[in-house]
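Let me begin by presenting the structure, written as structure tokens, before commenting on it.
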Amino acid sequence: MKQFLSFVKKEFYHIFRDKRTMFILLGMPIAQIIIFGFALTNEVKNAKIAILDHSKDAVTASLITEIESSRYFEIEESLSSDKEIEAVFHKGIVKLVMVIPAHFGEDLQHFNKAQIQLIADATDPNVANQLTNYASAIVMDYQKRITYERKLPYTINTEMRMLYNPQMKGAYNFVPGVMAMVLLLVCTMMTAITIVREKETGTMEILLVSPVKPIMVVIAKAIPYLLLSTINIFSILILSVFVLEVPINGSITLLLGVSILFILVSLALGLLISAATETQQTAMFISLIALFLPTVMLSGFMFPVENMPTPLRVVSNIIPAKWYYNIVKSVMIKGLGVSAIWKELLVLTGMLLFFLILAIKKFKIRLA
Amino acid sequence: MREVKAITTNKLTKQFGDFTAVDAISFEVNKGEIFGFLGANGAGKTTAMRMLCGLSLPTSGEATVAGLDVYKENEKIKRSIGYMSQKFSLYDDLTVKENMQFYGGIYGKSNAFIKEKTAFILDHLHLQKEANALVKSLPLGWKQKLAFSVAVFHEPEIVFLDEPTGGVDPVTRREFWNMIYTAAANGTTVFVTTHYMDEAEYCDRVSIMVDGRIDALDTPKGLKEKYNASSMDEVFLQLARKATRAAD
């Protein structure tokens, strides 16, 4: 026990002495949450649009007021001829132009029918899509109100309810994603690096000649990162609840429990990497390329797994973060219990055992 | 009662594939002896030493360290030996004191023992002022002396030193050897590899490895007489020239 404590103490010294790394490890999740929460968002807010109104009557005036008052759009320019449309897109500020033909109000009243053209800059297809959707929605809304008085024979109204995330906040998606990313990065990369560093500097030989058991080296190395990661989980959760207003709907104990399971999986992976590599650079490279990238791409956090082609969908199953990400979404956002996530739990536990056994087998007790 | 030798080997062999790194070496090291283990680069010294330290499993042959079998009593051997590798073996980002506390700790020594021993070493090396300085701030010579002190911190029966004085100035090397003498005088067996032939003269007995075999083993005086040489340098050159294996 004394041996073990001395070892853990030494590991903490390593971490505390390297202030810059420690700062990064603890600051990274906070920075990520803030960046994702406030800067990187794919929600459209105050998009600049232009309006070409050939009609200029009472109806179009009220429609334009409607658009202007929505939080999605800001009218940048009012155009006066078709020629200006091209020019306004060239400037690049305006992403959508709404063209209202002449006699709009009259047509609507006499023929019960009128048209509006939406022209969007589709260099970014997602933005173009969203803008036209929002604009159509506003027009539909407006139409509903003016037809309210006159009863139409048949109407089907769709009423939407966004379950679990009524405000459609992006944060509900990326908080679980950031948790998976940060834990993986801290645990896997740092554990791998810290063990490989001992190999590189030659201190590993001294440790192997000493009576410490290899398994003890491994556990002692993992403990400080387990602790750091737990701190990270707390800071992410506190920020997401109090700053981003993402609630924790399920049991916090369960959430912490599964997070620790995921941390253990990541630690085991780090261990495996350290057993297979000889230099810190290789360890870092493998952690980043072979783990971090697939985690970001395939866990479902950036791109929905359901939309991927079958081969990628199959590959995504071997990525631990995918399962953890699903668990966090279920527990934190949907407020579900163990019965809903047993499958994911089983997979993660299986992965933990698999990586651990492989790592311990590969971890060389003798150097040659 | 027959005195137990510090180290015995009998036809100890290590093969890596087709390559025989250590070729059936047999020798004995007495207790409290300073045993010089010489050889050109690639002669197999380090491999032989690693087998004795338990870092590498022999392919065949027998060996005992501190009377314990290298195959079966590996864990017990670890408690009886100290090891200082070619590579610098202290933690740069830990202080002098913390390094000693760590090594004392992993050998399971009591706090009282560690405290006393740390004070003794700091005093002995005149490092009291640097006790709380990071190791990386020390000059190389001091680091090497400190590394040796750490290798014998837990008072092992045998200490293995793998080219301990590489890159160190002559004055510090002299001081380093004084430390080795002190350790040997206190009953510690010292097993040392070196490339410096003047250091070979300081040893009680010297073995010279050529191509994985031990070609000569005697006191420095005996070897010089046998090879009709005026210095160990000449002895070594005569033997090493016979080597057919390329240095690594």
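With a 4.5 angstrom heavy-atom cutoff, B/Ile114 touches chain A only via side-chain atoms. Residue B/Lys109 touches chain A through its backbone alone, counting heavy-atom pairs closer than 4.5 Å. With a threshold of 4.5 angstrom between heavy atoms, B/Thr95 approaches chain A through its backbone and through its side chain. Proximity to chain B (any heavy atom under 4.5 Å) is restricted, for A/Leu207, to the side chain, taken from C-beta onward. Only the side chain of B/Leu134 has a heavy atom closer than 4.5 Å to any heavy atom of chain A. Contacts of A/Ser210 with chain B are made by both backbone and side-chain atoms, with heavy-atom separations under 4.5 Å. With a 4.5 Å cut-off on non-hydrogen atoms, B/Tyr103 touches chain A through its side chain but not through its backbone.
Atom OG of B/Ser56 and atom CG of A/Leu208 lie 12.0 Å apart (nearest 0.5 Å). Rounding to the nearest 0.5 angstrom, the gap separating the CD atom in A/Glu11 from the OH atom in B/Tyr91 is 7.0 Å. The structure places CD1 of B/Ile106 at 7.5 Å from CE of A/Met216, a figure rounded to the nearest 0.5 Å.
The two atoms that bring A/His14 and B/Asp93 nearest to each other are ND1-OD2, 2.8 Å, heavy atoms only. The shortest non-hydrogen separation linking A/Pro211 to B/Tyr107 is CD-CE2, 3.1 Å. Listed here is the closest heavy atom pair of A/Lys199 and B/Lys87: O-NZ, 3.7 Å. Shortest non-hydrogen contact noted between B/Ser85 and A/Gly202 is OG-O, 4.4 Å.
No more than 12 heavy atoms of other residues, nucleotides or ligands shown are found within 6.0 angstrom of CD on B/Glu116. Sparse packing is recorded around CZ of A/Phe285, with 12 or fewer heavy atoms of other residues, nucleotides or ligands lying under 6.0 Å away. Counting non-hydrogen atoms of neighbouring residues, nucleotides and ligands closer than 6.0 angstrom, the CD1 atom of A/Ile252 reaches no more than 12 such neighbours. More than 12 heavy atoms of other residues, nucleotides or ligands lie within 6.0 Å of NZ in A/Lys10, so this atom counts as buried by the packing criterion. Heavy atoms from other residues, nucleotides or ligands lying under 6.0 Å from CZ of B/Phe19 number more than 12. Annotation for A/Met28: atom CE counts as buried by contact number, over 12 foreign heavy atoms lying within 6.0 Å.
Heavy-atom pairs under 4.5 Å with chain B were tallied for A/Arg17, A/Met1, A/Lys9; the largest tally goes to A/Arg17.
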